[in-house]
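Structure record follows, encoded as structure tokens.
Reminder, nothing fancy here: chain letters follow the sequence lines and each chain counts from 1. These figures come from a predicted structure and were not determined experimentally.
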Amino acid sequence: GNGAASGGADPEKKSIRLAYQAFPSGDLVVKNQGLLEKALPDYQITWTKFDSGASINTAFVARSIDIAAIGSSPVARGLSAPLNIPYQVAFVLDVAGDNEALVARNGSGVTDVASLKGKKVGTPFASTAHYSLLAALDQAGLKESDVNIVDLEPQDIQAAWTRGDLDAAYTWLPSLAEIKKTGKVLISSRELATAGKPTLDLGVVSTDFITNHPEAVDAWRKVEAQALDLIAADPAAAAKAIGAELNLSPEEAQEQLSQGVFLKPADLASDEWLGTPDKVGKLAGNLVSAAEFLKGQQKIDAVPALADVQKAIYVQGLPGVLG
Amino acid sequence: MSSADAIAVQGVEHRYGDVTAVGPIDLTVPEGEFLVLVGASGCGKSTLLRLIAGFEEPTFGTVRTAGEPPVPGRGAGLVFQQPRLFPWRSVGGNVALALKYAGQPASEADVDLLLERVGLHGVARRRTWQISGGQQQRVAIARALAVDNPLLLLDEPFAALDALTRERLQEDLRRVSHETGRTCVFVTHSVDEAVFLGSRVVVLTPRPGQIALDLPITLPRTGLAPDELRGLPEFAALRAEVGAAVRTRSEVSA
Amino acid sequence: MSSADAIAVQGVEHRYGDVTAVGPIDLTVPEGEFLVLVGASGCGKSTLLRLIAGFEEPTFGTVRTAGEPPVPGRGAGLVFQQPRLFPWRSVGGNVALALKYAGQPASEADVDLLLERVGLHGVARRRTWQISGGQQQRVAIARALAVDNPLLLLDEPFAALDALTRERLQEDLRRVSHETGRTCVFVTHSVDEAVFLGSRVVVLTPRPGQIALDLPITLPRTGLAPDELRGLPEFAALRAEVGAAVRTRSEVSA
Amino acid sequence: MTSLLSAPPSAPAAERRSPLAPSGGRRRRFALRLVALLVLYGLWELAARTTRNPTFIPSPGAVWDQLIRTSTTGYSGHLLVEHLGISLRRILIGSVIGVAGGLVTGVLMGVIPWLRVVTEPVVTFVRALPPLAYFSLFIIWFGIDETPKLWLLSIAALPPVAVATAAAVQGAPTGLVEAARALGAGRWEVIRDVTLPNALPEIFTGVRLAVGMAYSSVVAAETINGVPGIGGMVRDAQRYSQTDVVVLGLFAIGLSGLLIDALLRTAENRLIPWRGRA
Amino acid sequence: MTSLLSAPPSAPAAERRSPLAPSGGRRRRFALRLVALLVLYGLWELAARTTRNPTFIPSPGAVWDQLIRTSTTGYSGHLLVEHLGISLRRILIGSVIGVAGGLVTGVLMGVIPWLRVVTEPVVTFVRALPPLAYFSLFIIWFGIDETPKLWLLSIAALPPVAVATAAAVQGAPTGLVEAARALGAGRWEVIRDVTLPNALPEIFTGVRLAVGMAYSSVVAAETINGVPGIGGMVRDAQRYSQTDVVVLGLFAIGLSGLLIDALLRTAENRLIPWRGRA
Ligand SMILES: Nc1ncnc2c1ncn2[C@@H]1O[C@H](COP(=O)(O)OP(=O)(O)OP(=O)(O)O)[C@@H](O)[C@H]1O
Ligand SMILES: Nc1ncnc2c1ncn2[C@@H]1O[C@H](COP(=O)(O)OP(=O)(O)OP(=O)(O)O)[C@@H](O)[C@H]1O
Ligand SMILES: [Mg+2]
Ligand SMILES: [Mg+2]
């Protein structure tokens, strides 16, 4: 048990183990430009790439990481029974916008969400896209069983799509870009977000780490905010950093970046998202409704109480600390 | 070398790597002859038989059977020194397989007939490891007898048999070879057996085996009972001659 | 049954499934005796040897060697009917392994000595399939001689050897068994060999093997050269007696 | 005479006095397994109690509850037996195709030298490839329904049989091959009557490994459109950290695998009475 | 006398007149492989040209370019050789552990009857389990660094060796076991001097399969924290539909697998001169 034994629980040991994922966000800018390393020179910092929120949850359970970039849907799972992972949401990395969308294939005869009835729709199960798809169906008055939902990884969606095996798919970039070429966007996560079903990428920090290294958490939030500023101010520079991490050309990276929704650091502390120590933001409610959805799917045992989820939003020092 | 020769071995020498096992040897066996090979252990008898059967190619010289380079399984039946039974087939199944290769429908009766010819009763359904060593050897003989080849090569086939069984099989083989006119090459260590069976006995020198004595056996092939034959003074004389050759020309060798 | 008896077989019968292979047999072999077993192929000689070696347990009756139930590899050396060499070891390696089990440091010289004793020179480094059938059998004998057991069980050890080699090994075995006082049980189909080697010859009936003749051989064990021994009138008489027993009491059987 | 056949060959001497001798062996075996099972159960219960974290080690009780629940109300819309049945069908078909393909490849490779020269590297290359890496190609070629899954399972099952068969065929005993040829057997008769029977024990090992491979590839195969299917169920449960369902799925897979292997072993013992006698 | 040893055993008669007879065999073999390679290349080029979709079938040229690029500027922050080197190290360690474990398990299973009764079902159970299903448990138990990867690879490599060894050990030739015992060999001496050498050919087959298994599990093992690592690289590329990199990775895996298998085969031929002679 190498990773499991050491790390965040030990206040003496100055090390941070970060989990990141391969979606375009400020997190990658922080990693690529070494912002955190510069801010905390006496910490030993390790970055580990994960390819799903589920495996990040597992790593948290194994006490192998301290801070992670993770989707809102897995966070809702992590905060619910039986997982009850002791971590707190400390940052909103981005909100899914046009980079996640439901697309109908040309020639499938599907024109809107409602006409998906009886059709075959692909999406990666247990992802934010899956959640959004079900939300979109619900919005259109369709039951889950009305549609034939197929579990496929994004690259497999692209393959199946080309063969004409799918009528529609809810997926994200880069496969989204490919299938959009021969399809029509029915709804995107940006629209669902405005309709109250946002899906987000969050930064979470283990409770142990917060207790032992609050100043390191502050530093991390600062550099993440810095990255958001850079994305807003100099998208080209941000895209270059992100592209380097994703093995993409800067142009491709910038194209992808432009389709996401990146908040301003100041907005994070608004009531819409994290909120402040005095008033925790709507994010908590959002997570609870995601949990309710999961409960309906029999994927979790119980929906956590709103108050408990609010406690799991780390708002200490907001909004000042982001500046 | 006339084409009527069943076997023509010309200037043959065989080497395994650096070891010269036999040769050089020149040997012509006319059709219908019963040739017995005698020689010290390790002198190359089995090798010579394998050369004639086509399982080895001579390092030097040529081997012809019925005028052609020998091909294993074509025109020559071979009993190896070891039984080499197929363990995945029953005793009867081993014989049946040989019958099948010979193109005959392998009825149970045929199999039993062949087994009885070598003195085996009621063992057809046993597994090959459920019979004694001598019985295994006899199954191997029965298997080789299943195919009607003009040439029969036998490598110490009776070595593991008791005197009585051995004599019966000797008589059977002597009679059959005479009646059918098949050519036989027979390897044995028993001088008595050599003189009794052979129409010609060849004694080999120790490795590399060369011809030390090539003796035609002038005893009558028919008309005499085995005991009468063995009682002939010529028999004793021939036996003594072969025995002396074996003793003087054989030295334990590797 | 005195504890000085090397082998005590009491009311032994052995069955393989439904087949009764030997028995019932009662047989006591005092220490130092050279017992030769003769009998038709399939009469149960090998089975009896395996019972004495401890590789089979009798279906009925008891077997004791040196007063104890026999355990394979303890106190008895065994030469099987087949050579059973280990193909993953060279010829010399097979002998060296036996020396190792005997607790002796297996020097190359020791190995060569043992091989030479059975008439093999310069084959130590060959693979087991690179020697002839008779040579393989001799390696098996050398392997069994490596261990100094008070009891030596030999199952047709000389069956594949030429007359000269065979006689040399016979003489060696006869001398050694006499000098060391080892008890031997020796299976053979050769009546001559039986009378020459044995201090006692037991002829078995066909399956299920029972004792048909139990004959002490009263020939002198020392002092005479082999040829002189074979020339004795008693030798001829004994050979005739055993030969007659084999012939009358043996019928080809399964 | 017939009764002779039914008599079992006498056990090898080395095992003669083993504690599991034929008489009373069955019962003893059963008892041993039961004890082992109880010990394992005890360990599990203990581990579950001490870790007290159902995502780490779900308790036996929780798994049992899931068994009841998934068998009555189902999981991901299908009952446990449905998941298992569909997967077993896939494993079966995949194994059969893979084993057949492996046999043919193996025999050809072992028997025809020039074919081996070309095929051997291809087979070695293919069996080194991770299914997860090339699975997407299958989708492109075969869609998202049964075909790609069956392909994946077949390809997983093929190599053990092919490699074992080829090795065993190449190692055919010279003595017996010669014996068959001396009796007049042709090239293919030698293969049928000597090489293959002789290779049978190793082929069986290959087949048992192949079925195991098909089993352990079922989750990979069912990453795509895998529900219903036990692999799809396990994946789903995994993503939601429902470890009790994951463990239940593992048990369903492992136990049915055990059953099939037992069948194969019985067949092996029946078909290869000569093992150890050649 | 020494020179006798170096002489190769005469080839089995059945292959005597094969087109690949010793003399000129090497060159012929090489030529055959080259032709096969060219044919495969032609097919690939053709497929790439006709589909015209680089995400499905990248052209040989594109893969070559990626080879140059990843070898000079790298991919995901590491050069191709680094990815490959790290993965090979994992495969090597995993294989060694798995093979050693498999050998021990197999021998014990084959030799000690009561242990077999208990161990056999456990091994069968475990080898039916899909690594993807239990990998998350490894993460929980062993963290996210090397340990869980090595465990996964070891467990993947263990079953072929264990099953093949156990089967071969059980099938030890009675005749030779008896011969050793007659010479005074004890239980363990019989195992060391008869059972194991006799099982060696099958064990080698098991080892070759095991290494193949470790190879094909490397992507699964590197799903988490797998960069640097060839499996991690492939997965990364997969996610971004960079099929040329995926194919490059597959080639790197397959070709190095080929190399290792060739080494194993050479060792096998050296170590088992008696194959087919027993
Ligand atoms: N593969 C081989 N490599 C090297 N030497 C060999 C090989 N096979 C046989 N020999 C040697 O060649 C010689 C002849 O062997 P062969 O088997 O023909 O003898 P043989 O006359 O049949 O002896 P036996 O009466 O003992 O059966 C022997 O000295 C043997 O050691
Ligand atoms: N496993 C077995 N199952 C059934 N019958 C067997 C088995 N082994 C041997 N037999 C039979 O038992 C009898 C005795 O066999 P054994 O090997 O002892 O004979 P033997 O006297 O040594 O013969 P040989 O001189 O041919 O070697 C034979 O008739 C044989 O067919
Ligand atoms: Mg010979
Ligand atoms: Mg016998």
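- For the atom pair C:Ser41 OG and B:Leu120 CG, the distance stands at 7.5 Å (nearest 0.5 Å).
- Heavy-atom contacts from other residues, nucleotides or ligands closer than 6.0 Å to CD of B:Glu108 number 12 or fewer.
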Does the side-chain contact (heavy atoms from CB on, under 4.5 Å) test come out yes or no for C:Gln136 and B:Gln81, once each step is laid out? CA-CA 12 Å; C:Gln136 288 175 8; B:Gln81 200 167 354; over 6 Å; no
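- Heavy atoms closer than 4.5 Å to chain C are found nowhere in B:Gln137, neither backbone nor side chain.
- The two residues B:Arg247 and C:Ala163 have their closest heavy-atom pair at NH2-CB, 4.1 Å.
- Neither the backbone nor the side chain of B:Glu116 comes within less than 4.5 Å of any heavy atom in chain C.
- Of the listed residues C:Gly133, C:Ala159, C:Ser46, the one with more heavy-atom pairs under 4.5 angstrom with chain B than any other is C:Gly133.
- The ring pair (Phe, Tyr, Trp, His ring centres under 6.0 Å) test applied to C:Phe196 returns no partner, not counting sequence neighbours.
- Taking every heavy atom of both residues into account, C:Arg126 and B:Val19 meet most closely at NH2-CG2, 3.5 Å.
- Here CD of C:Gln135 is found 8.0 Å from CZ of B:Arg207. Values are rounded to the nearest 0.5 Å.
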